[in-house]
Amino acid sequence: MDTIAIGGTATWTWTGNLPHSVQSVGSPSFVSSGILTGSGTYAVTFPVAGTYRYNCVVHGAAMTGTLVVR
Ligand SMILES: [Cu+2]
């Protein structure tokens with residue numbers, strides 16, 4: 001679990017040889033543009049406090065995370 005301040009930006013960074021993506025679980029909805037492999041970043045700014053869950057479309061429940069915005 002990671003915590004950021006309200007109005008902050010979370011950035012996901014791809015490394016390694018496996019394909020991954022980022023997609024929200026529940027609302028508000030956010031999703032990375034497709035499945036990336038090896039390198040790349042995806043950033044989302046969160047203006048509203050809350051607990052945001054996300055996973056990877058490739059790995060599903062095996063690859064999840066929680067972001068707290070406060
Ligand atoms: Cu993945």
Side-chain angles (χ1 to χ4, degrees):
M1 186 179 79
D2 293 292
T3 302
I4 64 172
I6 293 169
T9 299
T11 302
W12 288 263
T13 302
W14 276 250
T15 62
N17 298 319
L18 296 175
H20 301 289
S21 73
V22 176
Q23 64 179 8
S24 57
V25 175
S27 69
S29 177
F30 56 92
V31 60
S32 61
S33 55
I35 298 167
L36 300 178
T37 301
S39 65
T41 61
Y42 172 60
V44 179
T45 298
F46 292 88
V48 178
T51 299
Y52 300 85
R53 301 193 319 119
Y54 59 89
N55 66 18
C56 166
V57 71
V58 178
H59 299 105
M63 181 170 278
T64 66
T66 302
L67 178 69
V68 174
V69 178
R70 66 181 183 193

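For ligands, and for the atoms within them, numbers begin at 1 and follow the listed sequence. By convention here, the first residue in the shown sequence is residue 1. The model shown is predicted, which means the values in this text are computed figures rather than measured ones.
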#### Entry: Inter-residue atom distance F46.CZ - I6.CD1, 0.5 Å rounding
12.5 Å

#### Entry: For the student: nearest non-hydrogen atoms of A10 and I4, plus distance
N-CD1, 4.2 Å

### Task
Give the minimum heavy-atom separation between S29 and S24, together with the two atoms involved.
CA-OG, 3.3 Å

### Task
Can you list, by chain and residue number, the protein N, O or S atoms under 2.8 Å from the Cu ion (ligand 1)?
H20 ND1, C56 SG, H59 ND1, M63 SD

### Query
Should the ring pair F30 and Y54 be called parallel, tilted or perpendicular, given that the plane angle runs from 0 to 90° and is split at 30 and 60?
tilted

### Query
About how many Å separate OG1 of T37 and NE2 of H20, when rounded to the nearest 0.5 Å?
7.5 Å

### Query
Does some side-chain heavy atom of W14 sit less than 4.5 Å from a side-chain heavy atom of V22?
yes

